[in-house]
Trainee: 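Take this structure first; my questions come after.
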Amino acid sequence: MTENLPAEPVVERLRAEYRRSPARGIGEATPRLSWITSTPAPGWAQAAYEIEVDGEALGRVEDDESVFVAWPTTPLRSREERRVRVRVWGTDGSAAPWSEPLVVEAGLLDASEWAAAWITAPDDGDERPRRFRRTFTTAGPVVKARLYVTSAGVHEIALNGHAVGDHVLAPGWTAYGHRLRYDTHDVTALVTAGENVVGATVADGWWRGHLSWEMNRNVYGDRIGLLAQLELSYQDGTVEVVATDGTWLVAPGPWDTADLYNGETYDARRADRGWAEPGFDEIGWHAAATFEPAVGALVAPIGPPVRRIDELPVLDVLSSPSGRTILDFGQNLVGWVRFSVQGESGTTVTLRHAEVLERGELGTRPLRNAEATDRYTLRGGAPETWEPSFTFHGFRYVEVAGWPGELDPAAFTAIVIHSDMEPTGTFSCSHELLNQLHRNVVWSMRGNVVDVPTDCPQRDERLGWTGDLQVFAPAASFLYDADGFLADWLEDVRASQGPDGQIPIYVPAEPIPGFRFFIAAGWSDAATIVPWVLQDRYGDAGRLARQYDSMRRWVDHVRRRNGARLLWPEEFQLGDWLDPTAPPENPSKAQTDAVLVASAYVARSAQLVADAAELLGHGDAAAEYGQFAAAVRQAFRDEYVAPSGRISSDSPTAYALAICFGLYERPEQRRHAGARLAHLLRRGHHRIATGFLGTPLVLPALTAVGETATAYRVITEESCPSWLYPVTMGATTIWERWDSLRPDGTINPGEMTSFNHYAFGSVADWMHQVIGGIAPAAPGYRRLRIAPVPGAGLTSASCTLMTPYGRAACRWSLDGMHATVEAEVPPNTTAAVALPGTDGTEHDVAAGTHRWSYEVDATVDTSTEHPT
Ligand code: BGC
């Protein structure tokens, strides 16, 4: 009876570095390979694997690793394609057949492979996007065609009128002077016999458009341009290259302006249809000029491109007190609006975007200098559909002006864009407001991963603030497969590091020259923390190794700077930024001494360098940085900690830092700190009392000292300031300030008030681990800790995570005194399970699905209120 036999294991989800098949244009000559084995077989663990490359099996390897396995054969050469398959054997004697093939194709691995020259418009120098065009004729059937392309500015490219690929805002934003990404597109299917045309549009983007609150332009250069190389392979093995050079033609397009912050102005009357197709009349087009933009190495992308990910319809059409028409999409999102319109030629439709309404009108003040306005002038006649291409807005509301005739909400669609990471984690529980809080975290992540991990997506800022990401990275790593995305950004962090080891407060660091090497504790420490998160959550030791010198150089910089004092000197720090007691105009004025906070981070980063050194086998460095970290902890205690454990800044952030960063020496000091932390929160009516740096740690600190019930009181508090206060105010994203919208419905008067900032959403990490019950107990979740702790009257929760080894899940429910827990442990992993409402004994379990159904121990508090 075959149905009783366990299904045979299947090897799935092969990856080369961070990419699935077909991984074209990969930049690593020896990409690491990862796979997952799917099997319901209880306790399944891998005993051995075999890798096959281009039909050649390379022999069975007795090894249990399946994540980031070293490339097993000769390195890839530029353009080379290999087909990789994997099969595995289980310790139970089972065998998985060969997997589906993973196609890996190298990009252009060396600068010498580029035959193309950079081209620009001879009359460039304004803000108008430019179009480039080149006609070519094929010499016979093309068996393979690849387009390698990048730009100074952001581009779209087409072949014979068909869009090439589905990337938006390509090539994204990197520290261009150090590294500029190019894309590799397989365009074999788009090439036709005879005459062909390649056409590209380039707009200012991050290269030349406005950047930062200083609204600086030309940050990377004052001319936009294109670099493209189309390689056509014929049947006989010959290769023809059509590369950008002075034979290309260029003309302005129908745009007057296209700017990331300000929006687009597009006149459809000037939209030359067929401009990227053969047979187009090239009147008014001129020869392109070659130029040399100041770009660094041309590199293949490590992470995913930005794409259109989602579409939302209009939820409601509002009429404002002043009589304006406002569309409400029901969700604060990042992207733009596509619409279909019919009307007279020359009619201009104007869309203004904002995240919130104030007194019924569009609340644009928080956007500061960003105009966030798109203008479209109709060609006239037949219905026309338009969406911008070279801008993005952060908005829920859109004011429409100039609409011809009756407005039909179905004519508008919001397009959500972001880096196309795979969603990997889910969370839900029996508390609806917590579910909405979690959804808001996900939306704030989506809005702030438009190629660079940013603070906010809407105002004249949108920078890769290191501190914001540092606190959010653990939550991000659960919600999405963010490894490649963050690895790519870390390349820029490393490239942007100052000569003396300084790590900038935002990366890319160029937008404001004066801040190029400005550093701040808790921000610059992203250099040590983010690589560690990638190691912890994805098992990405290779990335840690690549960042190791940078981590070390940062800590060395701080060490030199701080000298014998070990702690930070008494100088300006961003500190516990946006502590709720900070006045609107002074976000770094916190209840916790900023230098104390900064000094805690010295200990943290030094310890991480020691841990990384240990893991990477640098024994001497591990000892050296370990001793340094211990000395800093001692100096911290000498300066700030009373023998009892009380800290001079008697604040939740101070205790949370000391507990989570291991700054106490004696257990009784730590116990006292835990009690004091819980006391302070109770005394503060469980309202939030922390800023950017304390917020990710306050609930983990409470849980670490056995005060989870207090943590639940804090996270379920609804009055202002709290995590749920914005939810009760209708928030659909995480706000920058605890009171970005005040209880009276007015926007916080601070000039810095975003409604889409993920930093305070860092609490999701605690939600996943403590409410949801899934935590890593070994790098990459090779071992899990499944230990949900119910509280605040919650009756159930469910959490799933696609770990690097496969799907993990934890579901629990409480019905009176009866508890059920279900845990799914991925193949090739194990878990320690601590059941709620028991004495905390850990059950060691193997891969598979496990269920427990039991009466809770009445003496264990699984419940609601902490005694006050
Ligand atoms: C950003 C923050 C950032 C902070 C630090 C703000 O303008 O929006 O999120 O971390 O500056 O100074």
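Start at 1 and go down the list; that is how both ligands and their atoms are numbered. As a basis for the values below, the full set of heavy atoms in this structure was taken, side chains included, without hydrogen atoms, waters or symmetry mates.
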Trainee: Out of all atoms in ligand 1, which are within 4.0 Å of some heavy atom of M752? Include the element for each.
Mentor: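 Close to M752: 6 (C), 7 (O).
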Trainee: Give me the nearest non-hydrogen protein atom to atom 7 (O) of ligand 1 as residue plus atom name, then the distance to 0.1 Å.
Mentor: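 Atom 7 (O) of ligand 1 sits closest to the protein heavy atom E461 OE2, 2.7 Å.
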Trainee: Under 4.0 Å from a heavy atom of F692: which atoms of ligand 1 are those, numbered in the order shown and with their elements?
Mentor: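 Every atom of ligand 1 under 4.0 Å from some heavy atom of F692: 9 (O), 10 (O).
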Trainee: Does a salt bridge link R546 with E491, judged by any charged N lying under 4.0 Å from a carboxylate O?
Mentor: yes
Trainee: Within a distance under 4.0 Å of any heavy atom of L574, pick out the atoms of ligand 1 and give their elements.
Mentor: 5 (C), 12 (O)
Trainee: Considering only protein heavy atoms, which is closest to atom 1 (C) of ligand 1, and at what distance to one decimal place?
Mentor: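 For this ligand atom, the closest protein heavy atom is D455 OD2, 3.3 Å.
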Trainee: Counting only heavy atoms closer than 4.0 Å, does ligand 1 sit against the backbone of E751, its side chain, both, or neither?
Mentor: neither
Trainee: For D451 and R462, run salt bridge (Lys or Arg N to Asp or Glu O under 4.0 Å): C-alpha distance rounded to whole Å, both residues' side-chain angles, the deciding distance at 0.1 Å, then the answer.
Mentor: CA-CA 11 Å; D451 205 52; R462 316 184 193 186; over 6 Å; no
Trainee: Among all protein heavy atoms, pick the one closest to atom 5 (C) of ligand 1 and tell me residue, atom and distance.
Mentor: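 Here the nearest protein heavy atom works out to W465 CZ3, 3.4 Å.
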Trainee: Taking only non-hydrogen atoms of W523, do any sit less than 4.0 angstrom from ligand 1?
Mentor: yes
Trainee: Considering only non-hydrogen protein atoms, determine which one is nearest to atom 2 (C) of ligand 1 and report residue, atom name and distance to 0.1 Å.
Mentor: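 Of the protein heavy atoms, D468 OD2, 3.7 Å lies nearest.
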Trainee: Which pair of heavy atoms, one from E358 and one from I747, lies closest together, and at what distance?
Mentor: OE2-N, 2.8 Å
Trainee: I'd like to know if W213 contacts ligand 1, where contact means a heavy-atom distance under 4.0 Å to any ligand atom.
Mentor: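 W213: no contact with ligand 1 (<4.0 Å).
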Trainee: If we check side chain to side chain contact (heavy atoms under 4.5 Å, CB included) with S444, which of these qualifies: V334, I734, V449?
Mentor: I734
Trainee: Do the non-hydrogen side-chain atoms of F392 and V306 ever get within less than 4.5 Å of each other?
Mentor: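 No; the side chains remain at least 4.5 Å from each other.
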Trainee: Ion pair present between D492 and R179, side-chain N to carboxylate O less than 4.0 angstrom?
Mentor: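 Salt bridge between D492 and R179, a charged N being under 4.0 Å from a carboxylate O: yes.
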Trainee: Heavy-atom contacts with E736 under 4.0 Å: which atoms of ligand 1 show up? List them by number with element.
Mentor: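 In order of number, 8 (O).
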Trainee: Salt bridge check, R687 against E718: does any charged N sit closer than 4.0 Å to a carboxylate O?
Mentor: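 No, E718 and R687 are not salt-bridged.
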Trainee: Purely on distance, is any nitrogen or oxygen of W577 under 3.5 Å from one on ligand 1?
Mentor: no
Trainee: Does Y220 have its ring centroid less than 6.0 Å away from the ring centroid of W206?
Mentor: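 For Y220 and W206, the ring centres are not under 6.0 Å apart.
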Trainee: Would one find an N or O of R459, backbone or side chain, under 3.5 Å from an N or O of ligand 1?
Mentor: yes
Trainee: Over 60° means perpendicular and under 30° means parallel, so classify the ring planes of F472 and Y758, tilted if in between.
Mentor: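 Answer is parallel, since the angle falls under 30°.
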